[in-house]
Amino acid sequence: MTVAVEKPEKPEKTETVEQAVPPVARARGISRRMMLAAILVVWLVLFAVLRGKQTLTLAAADLTDLHRWFNDVNDSIGANRNSNPLFLYFFNEIRLVIDTLVTFVQELISQPTPGRPVPQIGWLGVVGIAGYVSWAVGNWRVALLTVAGFTFLGLQGLWQESMDTLALTLSAVFVALLFAIPLGVWAGLSDRFNRVVTPFLDFMQTMPTFVYLAPLTLFFLIGPASATIATTIYAAPPAIRITAHAIRSVPETTVEAADSLGATRWQTLLKVLLPMSRRTVVMGVNQTIMAALAMVTIAALINAPGLGATVVQALQSLDVGTAFNAGLAIVVMAIVLDRVTTAASGRAETARRSKNPFLKWRRHLLIAGGVAAAVLVYLSHTYVWAAEFPGEGGTGSTISKAAADVTTWAQDNLSGLTNAFRDALTNGLLNPFQTLLTDSPWWLVGAALVAVGTVLGGWRAGATAAVCVGLLVGTGVWSDGMTTLASTAVATVLVMLLGVVLGVWMGRSELVDRLVRPTLDAAQVMPPFVYLVPFLALFGATRFTAIVAAVVYAAPVAIKIIADGVRAVPETTVEAATSSGCNTWQLITKVQLPMSRGALTLATNQGLIYVLSMVVVGGLVGAGALGYDVVAGFSQGQLYGKGLAAGLAIVLLGVMFDRITQAAARRTSA
């Protein structure tokens, strides 16, 4: 009877732990690391010999032939805009239609109309409509949040700016969904179309927000129309992707049942596929609204009105108090729009599960609420007191003054600590890496990037890197591109360090996950501009400000991906490692992180893209390099061509990073 107890339990479990990191994978990983180390050694040796030669450095005011050609094209388009048939009957018509839409919405809620000193619907009507719609698509809690949020915007003294931002956002979302939903349905129904459209969506989502602005001003001039078109293009991909995913997620058995009952394709689509995918489609609408709000604020650089313009002006004058107040208004609007659309996606299911006795009276209550909202709209249309927000924004003045006081206190009392941290990171990591990139011959850096891409992602990733390097040289902003690359790489390293620490902690503890995840979700709602404000107060207008803001902006997505990857490690493997005597550190480093390599690589991919976007936005607060080139191109006519080339360089860096890290993720998963 005792013989049965002599099973080799411990050796079997030890063997299971070893399977978490197979010998072949370990050997391959070591080999790949050795190849990367060899590339770095060769690079450093050649750098020591060739430092400062063939660096393609270009002064801030200097232009290349490509930049001058872009300037000539811009001038030529401006001269022929009213005579060229392509502009007369295509681009100008599109701009006119979009401008008419934006003007209509602005005159409805934000701008005075001809013959009236106030918009058609004043603040009381807007608050009433917003509260009613939030209640109708969500619940009474969301309605209260909406009313409180919109009222707070007025108390800040930013009612008109907020309504301008809302008008541009609603216009862009309307146009985006007009095209995105049908395209998403088509992609969900057709494998061929899905294969065709996916690379375009990848490319559109890889490009940082800045990059959309310069080319569109070439065809649509600066102003609200260009801002809306840029926002539409930027905000459409999430809706297309998520709608396609929703259609494809409908169970095949349900579709077959509809077909067997004689339903036509249109009946199946309208009666089965769309109703069953409604919740996921609404989530796509949510993502489109969030992307549109982020883009509308950045579009202030091309003369779009609203809160973004207030933030840009304040950042350029280093007025932290005003920037903070406007940034807070953007956050409030983002939270309200996010909560409303999130509640809308789950309202039907929540209503089915709810035992609330008032649900049977919901239709009657909604009718009464609609009447009340109509009364508020009438009052705001008729009476000035209900059209103009009362008061002079005393709350906003208080917030601005408090933010300015905190900034002054921080600069007086924390400057030693913040400057020491900034200098240590800048001198210890950023400057050496930037020197290596900018002082090495361009061909050496290019060869190193191609070699790294090939080692990590395979020959296709290496070929993509080679093409991107060649085109990057052709843009004429190689040196600035390398400076941006250095900042992006350093920020990404910091993002991954933060992501691994917090991601592993969240992945191992459900309590920590429940406590931290809501904060990460809220952080992802905020547009990029908002992150610059507090760090401008702490670190001043330097490239370090942009790097820290980029880390905080990109960290939430990386943390969540890593946390999900760690949580996905099979429980049996963790138990086997624990029973074989692994302590917590060994369990994390020998089992959970190695088995989450796919998630780590994906987190690196997303972190790079987010960081690149934010580092470029940091051009507004002294980050320099490509971000400065793009901003200068908008503000100085003679530098337009250089700004356009800098935008192209940003795209090339984004595509190169994205292709290499995605290929590395696929190889790691395989």
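Heads up: numbering here begins at 1 and tracks the sequence.
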Where at least one partner belongs to residues 162-177, residue pairs that pass side chain to side chain donor-acceptor pair (under 3.5 Å), sequence neighbours excluded: Gln106-Asp164, Ser110-Asp164, Gln111-Asp164
Pairing residues for Asp513 by the salt bridge (Lys or Arg N to Asp or Glu O under 4.0 Å) criterion, not counting sequence neighbours: Arg517, Arg567
Any residue meeting side chain to side chain donor-acceptor pair (under 3.5 Å) with Thr661, in chain and number order, not counting sequence neighbours: Asn605
Short side-chain to backbone donor-acceptor contact, Ser400 and Ser397, under 3.5 Å: no
Heavy-atom pair with the smallest gap, counting every atom of Val173 and Ala292: CG2-CB, 3.7 Å
Partners meeting ring pair (Phe, Tyr, Trp, His ring centres under 6.0 Å) with Phe389 (sequence neighbours left out): Trp123, Trp159
Non-hydrogen side-chain atoms of Val102 and Ile98 separated by less than 4.5 Å: yes
Heavy-atom side-chain contact between Leu170 and Phe174 under 4.5 Å: no
From CZ (Phe150) to CD1 (Ile129), nearest 0.5 Å: 10.5 Å
Which atom of Val185 lies closest to which atom of Ile247, heavy atoms considered: CA-CG1, 4.3 Å
Pairwise side-chain contact, His381 with Ile121, heavy-atom cut-off 4.5 Å (strictly under): no
Donor-acceptor pair, side chain of Arg339 and main chain of Ala334, under 3.5 angstrom: no
Closest heavy-atom pair and its distance - Pro112, Glu107: O-CG, 4.3 Å
Least distance between heavy atoms, Ala300 atom then Gly308 atom: CB-C, 3.3 Å
Check: Thr288 side chain, Ala236 main-chain N or O, donor-acceptor pair, under 3.5 Å: no
Flag if over 12 foreign heavy atoms under 6.0 Å of OH, Tyr383: no
Expected output: side-chain Tyr132 to main-chain Leu366 donor-acceptor under 3.5 Å: yes
Pro224 side chain reached by Pro305 side chain, heavy atoms, under 4.5 Å: yes
Nearest heavy-atom neighbours spanning Ala386 and Ser380: O-CB, 3.3 Å
Qualifying side chain to side chain donor-acceptor pair (under 3.5 Å) pairs, either residue in residues 172-200, two or more places apart: Asp191-Arg248
Candidate pair Glu161 and Thr310, rule side chain to side chain donor-acceptor pair (under 3.5 Å), full reasoning: CA-CA 8 Å; Glu161 292 86 347; Thr310 305; 4.7 Å; no
Greater than 12 external heavy atoms within 6.0 Å of Phe152's CZ: yes
Sidechain-backbone polar pair: Thr341 side chain, Asp338 backbone, donor-acceptor under 3.5 Å: yes
Atom of Ile222, atom of Ile302 and distance for their closest heavy-atom approach: CB-O, 3.5 Å
For a quick test of your reading: what N or O donor-acceptor pairs under 3.5 Å do the side chains of residues 321-332 make, sequence neighbours left out?
from, atom 1, to, atom 2, distance (Å)
Thr322, OG1, Asp319, OD2, 2.7
Asn325, OD1, Gln156, NE2, 2.8
Asn325, ND2, Gln156, O, 3.4

Heavy-atom check, side chain of Val281 versus side chain of Ile242, under 4.5 Å: no
